[in-house]
Amino acid sequence: MFFVEGFIIYSQVSKPENIVFIPPNSERGLIFDRNGYELTFNIKRKSLAVNPSILNNAERNRIATLLSKELNLDKKDVLSKLNLKVSFIWIKRILSEKEYDRIKKYVDGRKIFVVEENYRSYPLKIGTSNLLGFVGVDSQGLYGLEAFLDNYLNKGKNIYLTIDKNLQEIVSLYLRDYVKEYEAKGGFVGIMDLNTGEILVLASLPDIDTNGSLTEIINSSQNIKCPIYSLYEPGSLFKIITAGIALEEKLVDPLETVYCKGEEISDGYKVKCTEPHGIVNLEEAVVKSCNIYFYHLAKKIPYSIWNKYFDLLGINNPVPIDAKFVDRDATVADIEKSLVNRGTIGFGHGIAMNPLKMLWILSVFGNDGILLKLRLIKGIGKPSEESHREIFRQVFSKETSEEVLKMMREVVKKGTAKNLSSLKYYIAGKTGTAQVSTSQGYIDIYNHFFVGYIFLGDKKYSILIMLEEPKKGRFAAETVVPLFREIIKRLAIYGRMIN
């Protein structure tokens with residue numbers, strides 16, 4: 001019998017009383033939501049080992065052939081392990097259930113045996129694995145919050161997140177359905193409490209199947225493009241930022257008009273709109289999402305002013321949050337030397353961010369021009385009983401913020417998000433249908449966005465939705481706006497009860 005700290009070793013022919021388990025020095029801490037519901041469990045997963053010391057050459061070759069075939073391993077690698085002069089060698093750790101089913105008939109408890117190891121299970125199976133991440137064979141965090149918080153979790157400390165498990169699950173299910181319906185590559189939904197800066201939902205697809213073997217989990221994390229860790233141009237979402245800057249700096253007369261005939265050549269660059277908008281002022285340009293208006297408006301903003309607001313909005317630095325995801329979450333084209341870039345940035349071309357940063361920056365007009373520091377950690381060891389807000393910076397005046405918010409209200413009442421106008425809640429928002437940029441330039445593929453605020457008495461929330469490259473639905477109004485509507489109907493009831 002082998003005695004290995006933290007493992008159960010057994011065979012198909014073992015009697016239950018012969019199973020030995022010596023617990024590890026400390027069990028990995030758990031991750032909970034804001035209400036104390038488990039987002040992780042500590043479980044046992046099966047791994048495969050062999051005792052090479054009692055094998056003859058024929059057995060080594062036979063076992064190497066069998067196991068390499070059933071577990072998709074290189075036979076030479078397996079054989080090299082079986083040729084070692086040892087009495088215990090791992091063949092593959094953290095098997096999937098399918099892998100175990102394929103090899104269990106070979107397990108004899110003497111030459112080939114199974115080891116049960118401590119591992120993790122994640123009860124939220126959809127849309128959450130990119131956030132929580134996963135652990136390795138020795139319960140060390142390898143990805144996501146499991147990696148970022150590894151120092152605490154490995155010491156047995158529990159972590160409490162600001163995430164609401166029920167809301168996270170509901171939203172993730174909606175996101176999965178819409179990704180499937182519109183044949184999108186993936187998607188993202190983030191919900192932020194505008195009173196506290198707390199993140200209630202951070203759902204993204206495609207996600208990782210944490211029920212697979214560890215090899216499959218690691219390969220999945222390396223091969224999928226996860227929205228949380230990826231940069232996207234915000235497209236027309238950024239028009240509200242351009243409008244806010246121009247209003248704050250008094251660089252625009254809101255009643256001054258531009259004539260939009262659908263497309264025009266300016267500075268040698270073809271600026272296109274979805275349709276001719278005719279004569280539009282600032283509010284009408286927001287409501288109708290007119291690229292031509294915002295191209296000309298952006299060029300009126302000097303580079304020094306743009307740079308000032310890049311600093312104020314934190315675009316040049318990572319999001320101020322208590323859980324780090326990426327080192328760089330935004331990038332900006334050269335708008336100092338390129339007049340075209342300075343124009344296109346007005347409608348969100350030439351600037352890219354990850355969705356979490358978009359959610360944060362675009363929350364500013366739902367909060368009287370103030371950006372709050374984001375919070376994802378509610379407590380270490382125990383949850384904080386109070387939710388407090390920490391101001392990052394006042395970016396726009398309250399007057400400017402209210403003016404932009406009024407325009408976003410009009411988008412909902414009669415603009416590109418008018419599908420929401422029948423809802424009996426105070427909602428404001430902006431759509432974005434952002435053309436995808438590649439190394440060869442812009443292509444005829446789009447990402448769909450919607451940012452919106454909902455005000456529920458003393459509660460208020462900011463929501464960002466993205467569908468990545470949907471094959472169905474030409475505009476965001478057809479895809480993400482209906483998804484926002486579904487989420488709002490849930491949040492309007494449930495959101496009032498969130499402490």
Side-chain angles (χ1 to χ4, degrees), residues 231-274 276-316 330-353 357-358 361-362 364-365 369 395-397 400-401 403-404 407-408 411 415-416 430-435 437 441-442 447 449 451:
L231 302 185
Y232 303 89
E233 291 195 348
S236 294
L237 296 186
F238 204 71
K239 289 171 181 173
I240 59 175
I241 297 294
T242 305
I245 294 171
L247 287 168
E248 186 75 16
E249 297 294 325
K250 296 180 171 52
L251 295 171
V252 63
D253 176 354
L255 299 179
E256 186 178 344
T257 61
V258 166
Y259 179 70
C260 168
K261 58 183 179 181
E263 66 176 60
E264 67 175 66
I265 303 295
S266 185
D267 310 308
Y269 175 80
K270 181 183 286 188
V271 189
K272 297 177 67 176
C273 284
T274 57
H277 294 124
I279 299 173
V280 290
N281 59 25
L282 178 58
E283 181 179 292
E284 291 164 339
V286 171
V287 171
K288 297 179 181 180
S289 204
C290 180
N291 290 344
I292 289 173
Y293 180 96
F294 277 96
Y295 181 85
H296 292 294
L297 177 59
K299 290 197 299 178
K300 293 181 179 179
I301 303 173
Y303 170 72
S304 60
I305 299 298
W306 274 116
N307 209 37
K308 169 186 171 182
Y309 282 90
F310 290 159
D311 287 336
L312 286 172
L313 291 163
I315 289 174
N316 296 322
T331 184
V332 183
D334 182 2
I335 65 169
E336 181 178 15
K337 298 177 182 177
S338 172
L339 193 60
V340 170
N341 285 349
R342 195 183 307 171
T344 61
I345 203 173
F347 54 86
H349 281 198
I351 184 169
M353 294 173 265
K357 190 154 202 173
M358 286 188 211
I361 287 175
L362 296 169
V364 68
F365 299 115
V395 179
F396 299 104
S397 66
T400 294
S401 180
E403 198 163 349
V404 175
M407 296 176 195
M408 294 174 71
V411 172
T416 53
K430 181 70 187 80
T431 55
T433 304
Q435 197 170 4
S437 175
Y442 288 96
N447 296 319
F449 295 94
V451 64

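Between the side chain of Ser338 and the backbone N or O of Ile335, no donor-acceptor pair lies under 3.5 Å. Counting only distance, with no hydrogens or angles, the side chain of Lys299 and the backbone of Leu339 share no donor-acceptor pair below 3.5 Å. Within the 3.5 Å criterion, the main-chain N or O of Val340 finds no donor-acceptor partner in the side chain of Asp267.
Side chains of Thr416 and Ser289: no donor on one and acceptor on the other come within 3.5 Å. Under 3.5 Å, the side chains of Tyr295 and Glu264 contain no donor-acceptor pair of N or O atoms. For the residue pair Thr274 and Lys288, no side-chain donor N or O sits within less than 3.5 Å of a side-chain acceptor on the partner.
A distance of 11.0 Å separates CZ in Phe238 from OG1 in Thr344, rounded to the nearest 0.5 Å. The line from CE of Met408 to CD of Glu283 is 13.0 Å long, rounded to the nearest 0.5 Å. Note that the CZ atom of Arg342 and the CD1 atom of Ile301 stand 9.5 Å from one another [nearest 0.5 Å]. Atom CH2 of Trp306 and atom CD1 of Ile351 lie 7.5 Å apart (nearest 0.5 Å). With rounding to the nearest 0.5 angstrom, the CD atom of Glu248 is 10.0 Å from the CD1 atom of Ile245. Annotation: the span from Glu233 atom CD to Asn447 atom CG amounts to 9.5 Å, rounded to 0.5 Å.
Classification of Glu256 and Lys300 as a salt-bridged pair holds, one side-chain N sitting under 4.0 Å from a carboxylate O.
Taking all atoms of both residues into account, the shortest heavy-atom contact from Tyr293 to Asn281 is CE1-C, 3.8 Å. Thr431 approaches Ser236 most closely through the heavy-atom pair O-CB, 3.5 Å. Nearest heavy atoms, Ala333 versus Asn341: CB-ND2, 3.8 Å. The minimum heavy-atom distance linking Leu237 with Gly432 is given by the pair CD2-N, 3.9 Å. Of all heavy-atom pairs between Thr242 and Gly346, the closest is OG1-O, 2.9 Å. Nearest heavy atoms, Ile292 versus Gly262: CD1-C, 3.9 Å.
Side-chain contact between Tyr259 and Thr257 is absent, with no heavy-atom pair separated by less than 4.5 Å. Residues Leu247 and Leu282 meet the side-chain proximity criterion, which asks for heavy atoms closer than 4.5 Å. Side-chain atoms of Val286 and Lys430, non-hydrogen and from C-beta on, do get closer than 4.5 Å to each other. Contact annotation: the side chain of Ile241 approaches that of Leu362 to within less than 4.5 Å [non-hydrogen atoms, C-beta and beyond]. Contact check for Pro234 versus Met353: side-chain heavy atoms found under the 4.5 Å cut-off.
In this structure, the ring of Tyr309 has its center less than 6.0 angstrom from the ring center of Phe396. Ring to ring, His349 and Tyr442 are close: their centroids are under 6.0 angstrom apart.
Between Asn291 and the options His296, Lys239, His277, a side chain to side chain donor-acceptor pair (under 3.5 Å) holds for only Lys239.
Around CD1 of Ile265, the count of heavy atoms belonging to other residues, nucleotides or ligands within 6.0 Å exceeds 12.
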